[in-house]
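Because the structure is a prediction, the values reported are computed rather than measured. We use all heavy atoms of the structure for the numbers below, so side chains are in, but hydrogens, waters and symmetry mates are not.
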Amino acid sequence: MDVTTVLGPGGLVSRRLSSFEERPEQLRMAKRIEECLRRGRHLLVEAGTGVGKSFAYLVPAILRAGEADEKVVVATHTISLQEQLLGKDLPFLSGILPAEFSVVLAKGRRNYLCRRRLQTAVDEEQAFFDFVEERTELRRIARWAGETEDGSLQDLDPAPSEDVWSRVCAETGACMGRRCRMQDKCHFQQARRRLQNANVVIANHALFFSDLSLRAEGANLLPDYDILVVDEAHEMENSAAEHLGLRVSNAGLRVLLSRLAGRKGKGLLAAVGAGPDTLSALERCRAGVERFFEGVSHWAASGAPRNLRVPKPDAFEDTLSGDLLGLSRGLEEEAEKAENEDLAFEVKAAAEQFSVLAAGVRAFVSQELDGQIYWLEPEEEARRITLRSAPVRVGTRLSDLVFSAVRCVILTSATLTVGKEAPFAFFRDRLGIEDAEEEALGSPFDYQRQAKIWLPARMPDPRDEEAFEAALVREVLRAVSRSEGGTFVLFTSYRMLDRVHGQTREALEDRGRLVLRQGGGMPRSRMLERFREDGGA
């Protein structure tokens, strides 16, 4: 069987779908992928909207996996595309392809309940949690733990608070591995076994690049694979940079410190009966976080570049890494003294976290990571400021960890090319791709007949938020009134989305339009269902 017998005219798909339309671009893409999979070649393929990219790479990848006993990983950037693959495309293909294949969604560790940590939290709930609401939430999770089959956060409705879940999830660094008395019931290990046995693994970019970072250190999240398909590959460089740099925030440090000891003294240190020296180190660290980030904020407010890039080492004084390292050493000592093995392991994991954070702060201030840029990201409303770094070029790392390590890599998106001469050259250069075949396919849609672009000519400068917002509200109302069907309004920030929604909702509902807002509490899948059902939402 080949891709033509599945996707071509008179093929399996056409016989199952009454609304089948032949897509020459889709079949061309599938044939190129089929050929590259057979020869072990990398392929860059740009395919316009409407080509049907997912079928074009899933069909040849599944056929190859069954024929050659190879494992496929498909990495997507957005959850919505994952949902399409898992809820629609793969079940459809499973129903028409003669060979059976198994598919598993890969999730990060924090998505899974750790039964050992849950039992520790239940045993120590009076010491761990300040508030009755948190203890009530913990008991709800404990009841759910007796019913759930996969122990996945997505199976727990409503979702628990982050503070409570962080105490019971399978967090990196908190796994005892084979020493764990509950290993045979471990949800995360069961999920890993399912990954090992699956023909096709679906992952998001974040998990994929987390796995790459671990592979550089000799560990892994994903199983070894022969075929890698990266959809929405135009986001690949940004996703790689996210995971190959530094990120330390005052808000994140406050959360970790509060887990050790909250406002009422409850927390991990209370559970192990920590001594006065460690408690003093904790308070020094708490004060040190505020002092250090005040200094960072002062630097940002007094002469920092407008983009908040930190142009040189030691722009501000490192008054924090020593405190973090001192706390880490104190936690190590407490772990040695602790009589309860589970609590000792929790304290040791916390010590490692603070040691890593100390190194991160030191590396940021001294800018000791070569080839990286360093900048600040403030969020005034959340009183958060984050130290960030990212590699200027991710290509070298990707060349070593991906393109030299995997037999066949398929990168696809609707937007990969730039210009007409050597259209893939920029993308190749940024990602370190030296040897790959190329294919650029147009869209089957007739945009000249089927689409209109409308650019308002007098929009204010977006930096003038008040004027821009007022103009945007007017334009949204105009656009919706001229649209005969459903309308999506896309924003670059939730803040603007919320404000424009608040100023347009009543007027739109008065016109009989159903108004839906992302982030309003309705699950994404249900929101899209209602949008489709209504027709004019």
Heavy-atom check, side chain of S152 versus side chain of K107, under 4.5 Å: yes

CA sep, side-chain torsions, deciding dist, call: E242, R247, salt bridge (charged side-chain N to carboxylate O under 4.0 Å, His left out): CA-CA 9 Å; E242 266 302 296; R247 181 192 291 267; 2.4 Å; yes

Close side-chain approach of I385 and E379, heavy atoms under 4.5 Å: no

Verdict with reasoning, E232 to T78, per side-chain hydrogen bond (donor to acceptor under 3.5 Å, both in side chains): CA-CA 8 Å; E232 301 171 308; T78 57; 2.9 Å; yes

Qualifying salt bridge (charged side-chain N to carboxylate O under 4.0 Å, His left out) pairs with a residue from residues 440-460, counting only residues at least two apart or across chains: D446-R449

Under 3.5 Å donor-acceptor, S166 side chain and E162 backbone: yes

Whether F316 and F364 hold their rings parallel, tilted or perpendicular, with breakpoints at 30° and 60°: parallel

Partners meeting side-chain hydrogen bond (donor to acceptor under 3.5 Å, both in side chains) with R478 (sequence neighbours left out): E475

Residue pairs involving residues 469-502 (criterion ring pair (Phe, Tyr, Trp, His ring centres under 6.0 Å); sequence neighbours excluded): F488-F531

Contact check, side chains of L357 and L256, non-hydrogen atoms, under 4.5 Å: yes

Other residues, nucleotides, ligands: >12 heavy atoms within 6.0 Å of D461 CG: yes

Nearest-0.5 Å distance, OG of residue S399 to CD1 of residue I433: 9.0 Å

Test: K88 and E83 ion pair at under 4.0 Å: no

Heavy-atom neighbours of Q154 CD exceed 12 at 6.0 Å: yes

From L221 atom CG to L207 atom CG, the distance as rounded to the nearest 0.5 Å: 5.5 Å

Residue pair T417, F426: steps toward the side-chain contact (heavy atoms from CB on, under 4.5 Å) verdict: CA-CA 8 Å; T417 62; F426 179 79; over 6 Å; no

Under 3.5 Å: donor-acceptor pair, side chain of E34, backbone of V3: yes

Test: R495 and E465 ion pair at under 4.0 Å: yes

Heavy atoms of other groups near E533 CD, more than 12 under 6.0 Å: yes

Residue pairs involving residues 2-30 (criterion salt bridge (charged side-chain N to carboxylate O under 4.0 Å, His left out); sequence neighbours excluded): R28-E439

Contact check, side chains of V361 and F292, non-hydrogen atoms, under 4.5 Å: yes

Nearest-0.5 Å distance that lies between atom OG1 in T412 and atom CD1 in I33: 6.5 Å

CG (L528) with more than 12 external heavy atoms under 6.0 Å: yes

Residue pairs passing the ring pair (Phe, Tyr, Trp, His ring centres under 6.0 Å) test where at least one lies in residues 450-474, sequence neighbours excluded: none

Pairs meeting criterion salt bridge (charged side-chain N to carboxylate O under 4.0 Å, His left out) with involvement of residues 52-66, two or more places apart: R64-E67, R64-E70

Q450 atom CD, over 12 foreign heavy atoms within 6.0 Å: yes

Heavy atoms from other residues, nucleotides or ligands near CD of E434 exceed 12 (cutoff 6.0 Å): no

Main-chain N/O of F293 paired to S297 side chain as donor or acceptor, under 3.5 Å: yes

Non-hydrogen side-chain atoms of R388 and L376 separated by less than 4.5 Å: no

N/O donor-acceptor pair under 3.5 Å between W375 side chain and A390 backbone: no

Evaluation steps, side-chain contact (heavy atoms from CB on, under 4.5 Å), between L387 and L246: CA-CA 7 Å; L387 314 179; L246 292 168; over 6 Å; no

Inter-residue atom distance Q518.CD - D498.CG, 0.5 Å rounding: 10.0 Å

For Y112 against A191, the heavy-atom pair lying closest together: OH-CB, 3.4 Å

Residues D314, V365; criterion side-chain contact (heavy atoms from CB on, under 4.5 Å); working and verdict: CA-CA 5 Å; D314 302 310; V365 175; 3.7 Å; yes

Atom CZ of R526 with >12 non-hydrogen neighbours under 6.0 angstrom: yes

Heavy-atom check, side chain of H42 versus side chain of C36, under 4.5 Å: no

Over 12 foreign heavy atoms within 6.0 Å of CZ, R505: no

By side-chain hydrogen bond (donor to acceptor under 3.5 Å, both in side chains) - contacts of R41 (at least two apart): D435, E437

Non-neighbouring partners of S366 that pass side-chain hydrogen bond (donor to acceptor under 3.5 Å, both in side chains), sequence neighbours left out: E368

By ring-ring contact (aromatic ring centres under 6.0 Å, His included) - contacts of H243 (at least two apart): none

Nearest-0.5 Å distance, CZ of residue R109 to SG of residue C169: 10.0 Å

4.5 Å side-chain heavy-atom contact, V45 and L411: no

Side chain to side chain, V515 and T504, heavy atoms closer than 4.5 Å: no

Worked verdict on E35 versus R39 for salt bridge (charged side-chain N to carboxylate O under 4.0 Å, His left out): CA-CA 6 Å; E35 179 187 351; R39 295 167 51 213; 3.0 Å; yes

Pair R428 + E438, salt bridge at N-O below 4.0 Å: yes

Ring pair (Phe, Tyr, Trp, His ring centres under 6.0 Å): pairs with one or both residues in residues 44-102, sequence neighbours excluded: F55-F92, H77-H205

R393 with D429: basic N within carboxylate O range, under 4.0 Å: yes

Residue pairs passing the salt bridge (charged side-chain N to carboxylate O under 4.0 Å, His left out) test where at least one lies in residues 215-231, sequence neighbours excluded: D211-R215, R215-D224

Check against side-chain contact (heavy atoms from CB on, under 4.5 Å), T487 and V476: CA-CA 10 Å; T487 307; V476 167; over 6 Å; no

Backbone N/O of L244 and side chain of Q372: donor-acceptor pair under 3.5 Å: yes

All side-chain hydrogen bond (donor to acceptor under 3.5 Å, both in side chains) counterparts of Q26, not counting sequence neighbours: none

